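Just so you know, ligand 1 is whichever comes first in the structure, and atom 1 is the first atom listed for that ligand. All values reported here derive from a predicted model rather than from experimental measurement.
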Amino acid sequence: MTLLQTAEQIQTMQIRGAGKIAREAVAALRDHAETLPRTGDVAAFIREMEHAASILLGTRPTAVSLPNAIQMVMRDVRTARTEEAARRILREKADAFIWSSRTALDRIAAMGANHIPDGSIVMTHCNSKAALGCILEAKRQGKDIEVYATEVRPWNQGRLTIKTLNDNEIPTTYFVDSAVRSMMKEIDLVIVGADAITVNGAVVNKIGTSQIALCANEARKNVIVTAETYKFAPRTILGELIQIEERAQNEVLPDDIAATLPFVRVKNPVFDVTPADYIDMIITEAGALPPHLAYTIMREYLGWGLDELQNQFLGARTGTEFR
Ligand SMILES: O=P(O)(O)OC[C@H]1O[C@H](OP(=O)(O)O)[C@H](O)[C@@H]1O
């Protein structure tokens with residue numbers, strides 16, 4: 001698959017899920033480099049790779065895993081002295097990111113499973129590999145668990161989730177998103193994934209997550225967020241807001257019906273923000289932490305100083321818009 005094909009598949013959600021988007025983008029960058037002729041001109045190579053990175057960055061705006069992964073790979077490429085060195089660094093960093101991303105999921109699954117008691121009912125939302133990993137690991141350990149899963153309009157990612165749960169013989173209850181509050185009294189805890197986590201511990205995840213967290217808070221049920229460290233958004237330290245992706249209105253209301261309703265406006269935000277106060281714990285590969293410690297993850301695990309953030313990372317999202 002070419003880099004442009006990967007970009008298109010991310011934008012059209014054939015490739016989706018914050019972690020997978022990051023892994024596929026990094027693999028696309030690595031493979032794109034192999035298609036470029038060797039000229040010995042390191043500056044031209046870096047320019048070409050920056051352009052490729054900007055195409056990937058323009059695909060979806062919310063999941064911070066995408067710019068974080070690209071930054072991890074491109075950072076040392078930018079200072080390479082020869083084309084060969086730049087190529088080698090790119091390859092090594094890309095492979096290292098993909099490997100560490102998968103390892104992170106295994107660690108999160110092991111830690112998350114410890115928080116799922118035997119005999120419990122877990123509610124989840126959307127289709128998060130990190131969250132599902134915890135549930136599958138709890139099942140693998142022999143725990144008798146059930147899952148309540150939402151539909152996730154308009155893309156119905158809940159169907160992917162219930163298929164996985166069914167394949168793993170986990171008893172599952174499936175319902176429309178608006179039934180969440182009604183179902184809350186029947187469950188024991190909530191486990192979801194994340195697309196981005198801000199410096200104040202707020203979690204950006206699939207639209208509807210904040211309502212689930214609000215209902216869980218009302219019903220005194222724990223909310224656990226599972227997120228690899230590369231889903232923490234360092235630029236929020238500088239005050240930058242996470243952009244909430246708005247997708248096409250015809251994902252919600254078909255064009256032929258919309259055409260008959262000239263006074264109706266359709267909004268289709270695909271993520272929302274859950275404040276830290278509604279989250280009991282964030283499980284990362286570096287350990288479980290209260291959401292208010294998000295800053296420590298940004299400093300210690302992403303390891304980007306403020307200077308670097310300001311000089312290089314700012315503006316990373318302003319690259320070419322992919323259409
Ligand atoms: O990385 P993992 O845990 O798989 O997924 C994290 C999140 O990414 C997804 O976004 P979308 O479906 O791509 O819009 C969902 O919001 C999910 O909770």
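- T161 pairs with exactly one of T150, N166, T124, N127 by the side chain to side chain donor-acceptor pair (under 3.5 Å) rule, that one being N127.
- Under the 4.5 Å side-chain heavy-atom criterion for Ile, Leu, Val, Met, Phe, Trp and Tyr, F232 and V204 are members of distinct hydrophobic clusters.
- With a 4.0 Å heavy-atom cut-off, ligand 1 is reached by the side chain of C126 but not by its N, CA, C or O.
- Residues F97 and V77 fall within the same hydrophobic cluster, defined by Ile, Leu, Val, Met, Phe, Trp and Tyr side chains chained together at heavy-atom separations under 4.5 Å.
- Residues T6 and T2 have side chains not in contact (no heavy-atom distance under 4.5 Å, counting atoms from C-beta outward).
- If you number the atoms of ligand 1 from 1 as listed, the ones under 4.0 Å from a heavy atom of F271 come out as 10 (O), 14 (O), 16 (O).
- Counting only N and O atoms by type, the side chains of D195 and T62 include no donor and acceptor under 3.5 Å apart.
- At a 4.0 Å heavy-atom cut-off, ligand 1 does not touch K20 at all.
- When A194, G133, S65, A63 are ranked by how near their heavy atoms come to atom 6 (C) of ligand 1, first place goes to A194.
- Residue contact annotation: D195 has a non-hydrogen atom under 4.0 Å from ligand 1.
- Summary of contacts: the protein heavy atom closest to atom 5 (O) of ligand 1 is A18 N, 3.5 Å.
- Within ligand 1, counting atoms from 1 as listed, the ones closer than 4.0 Å to a heavy atom of K231 are 1 (O), 2 (P), 3 (O).
- The shortest separation from a heavy atom of N205 to ligand 1 is under 4.0 Å, placing the residue in contact.
- The residue H125 has no part lying near ligand 1, judged by heavy-atom distances below 4.0 Å.
- Applying side chain to side chain contact (heavy atoms under 4.5 Å, CB included) to E48 and the options T39, L36, T35 leaves one that passes, L36.
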